[in-house]
Amino acid sequence: MLRTELSARVGTVALDVALEVAEGDCLALAGPSGAGKTTILRLLAGLASPDRGRIECGGELWLDKEANVFVPPEQRRCGLVFQHYALFPHLSAWQNVAYGLPRGTPRATRRVKAGELLERFGAGHIADARPSTLSGGERQRVALARALASEPRLLLLDEPLAALDSRTAAQAARELASFLADADVPTLLVTHDFGQAALLGDRVAVIDKGKIVQEGHAAELAAAPASGFVADFTGANVLHGTAAPHQDGLTLITLDGGGAVVSAERAEGEVAVSVFPWEVELEPPGTDHAGSAQNRLDATVKTVTVLGARVRVGLSLPQPLTAEITDASLERLGLKPGTAVTATWKAAATRLAPV
């Protein structure tokens, strides 16, 4: 179990967080650049010291500023995987892994142990290769094997997929998710991508400007964002407006810049309205209102981006809105920049959160 409370000032960011990660669980710390994610990893690994704080891992006290306790990095046994993996270019894959083995490991067994770890990640065949000859996914496997070589009490992953192209990252993410499911140490993974956080983390903690603004299962954060920032980070459209009670127990939100929508949730005053792109449907203007969608906004198509079998359609409105439709719908509607459409979605899909 990892338990930590940390306070530190890094540049203009005042970091103040409390985290708990159980054995075998992965907490994905997700947020934008400059939010303090990597700083937290450095503090946990002992590569930096906070102004105030306490770190306890596996029943051992690593840091207590009040009691003047500071366990140096080499004694914490943290498995740290850097964003660009930081492999030694002059060493082979197995030598990079062997570098992470505990001190005192007999020289005669170092290659065997390193080879076993590489095999665990399906990388035994590249044991003699240098990092410069490896693909991004292969370098990631070597870095993970090296991180585990020290038999870590805590695994720290710093944007582990950021250095990979989108195709390689998708495969590497699946492999990493499988590994983390079998890991028996607490893992803290930082990422700026909510999709990766949802895939890899048992829980997700969203951080902004040095503070945790919401923590829970990814589905919980998406279904009930605590703020407009969290809603935006989960990939939802976020519109701003003023809420007031409406008929039939609904809430009417008058949108900034014009237009109005209704929600099944209750709120009053300034709110952030969120709806996911795939919950927004498009139809020609003037279509009969036969469906159950109570929200209807007239818009103009601004962009059309094909993503496999799905299509992202950017809409021009006083507040930008994105819809995600099928390629069949794109063809049926004949959408292109400048096409007039009506965006529709249900009141139940309209989530409200503080601004």
Enquirer: For Val261 and Val275, run side chain to side chain contact (heavy atoms under 4.5 Å, CB included): C-alpha distance rounded to whole Å, both residues' side-chain angles, the deciding distance at 0.1 Å, then the answer.
Expert: CA-CA 11 Å; Val261 295; Val275 57; over 6 Å; no

Enquirer: Just do the side chain to side chain contact (heavy atoms under 4.5 Å, CB included) check on Arg141 and Leu134 with the steps written out, would you?
Expert: CA-CA 10 Å; Arg141 296 180 195 182; Leu134 303 178; over 6 Å; no

Enquirer: Can you confirm whether more than 12 heavy atoms, excluding those of Lys209, are under 6.0 Å from its NZ atom?
Expert: no

Enquirer: Take Val142 and Val97 through the side chain to side chain contact (heavy atoms under 4.5 Å, CB included) test and state the conclusion after the steps.
Expert: CA-CA 7 Å; Val142 175; Val97 176; 4.1 Å; yes

Enquirer: For atom CD of Glu220, decide whether the heavy atoms of other residues, nucleotides or ligands shown that lie under 6.0 angstrom number more than 12.
Expert: yes

Enquirer: Are there more than 12 heavy atoms of other residues, nucleotides or ligands under 6.0 Å from atom CD of Gln319?
Expert: yes

Enquirer: Side-chain contact, heavy-atom cut-off 4.5 Å: Trp62 with Thr4?
Expert: no

Enquirer: Testing Thr234, Thr322, Asn237 one by one against Phe276 for a side chain to side chain contact (heavy atoms under 4.5 Å, CB included), which residue passes?
Expert: Thr234

Enquirer: Measure from the side-chain N and O atoms of Glu268 to the backbone N and O of Ala244, and report whether any donor-acceptor pair falls under 3.5 Å.
Expert: no

Enquirer: Under a 4.5 Å cut-off applied to non-hydrogen side-chain atoms, are Val213 and Phe233 in contact?
Expert: no

Enquirer: Is there a path from Leu144 to Phe88 through hydrophobic residues (I, L, V, M, F, W, Y) whose side chains come within less than 4.5 Å of each other?
Expert: no

Enquirer: Please report the interatomic distance CG(Leu252) to OG1(Thr254), rounded to the nearest 0.5 Å.
Expert: 4.5 Å

Enquirer: If we only count heavy atoms from C-beta on, is the Thr187 to Asp25 side-chain gap below 4.5 Å?
Expert: no

Enquirer: Taking the side chain as every heavy atom from C-beta outward, state whether Ile325 and Val280 have any pair of such atoms under 4.5 Å apart.
Expert: no

Enquirer: Linking I/L/V/M/F/W/Y whenever any side-chain heavy atoms sit under 4.5 Å apart, do Leu188 and Leu148 land together?
Expert: no

Enquirer: Could you grab the distance from atom CG of Leu352 to atom CZ of Arg266, nearest 0.5 Å is fine?
Expert: 12.0 Å

Enquirer: Of the non-hydrogen atoms in Thr350 and Asn295, which two are nearest, and what is the gap between them?
Expert: OG1-ND2, 3.0 Å

Enquirer: If you compare all heavy atoms of Pro89 against all heavy atoms of Pro131, which two are closest, and at what distance to 0.1 Å?
Expert: O-CD, 3.8 Å

Enquirer: Can you give me the closest heavy-atom contact between Thr342 and Pro285, atom names plus distance?
Expert: OG1-CA, 3.5 Å

Enquirer: Sequence neighbours left out, what passes side-chain hydrogen bond (donor to acceptor under 3.5 Å, both in side chains) with Arg351? Give chain and number order.
Expert: Glu279

Enquirer: Is the backbone of Ala224 close enough, under 3.5 Å, to the side chain of Gln214 for a donor and an acceptor to pair up by distance?
Expert: yes

Enquirer: So with a 6.0 Å cut-off around CD of Gln75, is the heavy-atom count from everything else above 12?
Expert: yes

Enquirer: Give me the atom names and distance for the closest heavy-atom approach of Leu176 to Pro160.
Expert: CD2-CG, 3.9 Å

Enquirer: So, taking the atom named OG in Ser92 and the one named CZ in Arg130, what distance separates them when rounded to the nearest 0.5 Å?
Expert: 7.0 Å

Enquirer: Determine, using the 4.5 Å side-chain heavy-atom cutoff (strictly less than), whether Tyr85 and Leu91 are members of one ILVMFWY cluster.
Expert: no

Enquirer: Starting from Leu199, can I reach Val206 by hopping between I/L/V/M/F/W/Y residues whose side chains sit under 4.5 Å apart?
Expert: no

Enquirer: Hey, what do you get for OG (Ser329) to CZ (Arg310), rounding to the nearest 0.5 Å?
Expert: 8.0 Å

Enquirer: Using a cut-off of 6.0 Å, state whether more than 12 heavy atoms not belonging to Lys211 lie near its atom NZ.
Expert: yes

Enquirer: Using the test salt bridge (charged side-chain N to carboxylate O under 4.0 Å, His left out), find all partners of Arg54 that sit at least two apart in sequence or belong to another chain.
Expert: Glu56, Asp64

Enquirer: Just by modelled atom types, is the Arg146 backbone N or O under 3.5 Å from a matching donor or acceptor in the Asn96 side chain?
Expert: no

Enquirer: Compute both the distance and the angle, then confirm whether Arg42 meets the cation-pi test with Phe82: under 6.0 Å from the six-membered ring centre, within 45 degrees of the axis.
Expert: no

Enquirer: Kindly determine whether Ile207 and Ile40 satisfy side chain to side chain contact (heavy atoms under 4.5 Å, CB included), including the steps that lead there.
Expert: CA-CA 11 Å; Ile207 184 172; Ile40 291 173; 3.8 Å; yes

Enquirer: Indicate, with yes or no, if Trp94 and Leu87 share a hydrophobic cluster defined by side-chain heavy-atom contacts under 4.5 Å among Ile, Leu, Val, Met, Phe, Trp and Tyr.
Expert: yes

Enquirer: Are the side chain of Thr109 and the backbone of Val112 linked by a donor-acceptor contact shorter than 3.5 Å?
Expert: no

Enquirer: First locate atom CZ of Arg52, then atom CG of Leu15, and finally report the distance between them rounded to the nearest 0.5 Å.
Expert: 10.5 Å

Enquirer: Write down the atom of Ala299, the atom of Leu315, and the distance for their closest heavy-atom approach.
Expert: CB-CB, 4.1 Å

Enquirer: Provide the closest heavy-atom pair for Ser274 versus Ala231 in the form atom of the first, atom of the second, distance.
Expert: CB-CB, 3.6 Å

Enquirer: Is a donor on one side and an acceptor on the other found under 3.5 Å between the side chain of Ser263 and the backbone of Thr251?
Expert: no

Enquirer: Nearest 0.5 angstrom please: Glu324 CD to Thr305 OG1, how far?
Expert: 11.0 Å

Enquirer: Would you indicate whether Glu66, at its atom CD, is surrounded by more than 12 heavy atoms from other residues, nucleotides or ligands within a distance under 6.0 Å?
Expert: no

Enquirer: Can you confirm whether Ile212 sits close enough to Leu29 that some side-chain heavy atom of one is under 4.5 Å from a side-chain heavy atom of the other?
Expert: yes

Enquirer: State which residue, out of Leu6, Leu44, Val71, fulfils the side chain to side chain contact (heavy atoms under 4.5 Å, CB included) condition with Leu63.
Expert: Leu6

Enquirer: Can you find a heavy atom in the side chain of Lys65 that is under 4.5 Å from one in the side chain of Ser49?
Expert: yes

Enquirer: As a test of understanding, state which of Thr191, Asp193, Leu189, Leu27 forms a side chain to side chain contact (heavy atoms under 4.5 Å, CB included) with Leu200.
Expert: Leu189

Enquirer: With a 4.5 Å limit on heavy-atom distance, are the side chains of Leu255 and Leu297 in contact?
Expert: yes

Enquirer: Between Asp208 and Pro32, is any pair of side-chain heavy atoms under 4.5 Å apart?
Expert: yes

Enquirer: Evaluate the side-chain hydrogen bond (donor to acceptor under 3.5 Å, both in side chains) criterion for residues Glu159 and His192: first the C-alpha distance (whole Å), next the side-chain angles of each, then the deciding distance (0.1 Å), finally the verdict.
Expert: CA-CA 8 Å; Glu159 298 275 9; His192 65 276; 3.1 Å; yes

Enquirer: Kindly check if the number of other-residue, nucleotide or ligand heavy atoms within 6.0 Å of CD (Glu281) is above 12?
Expert: no

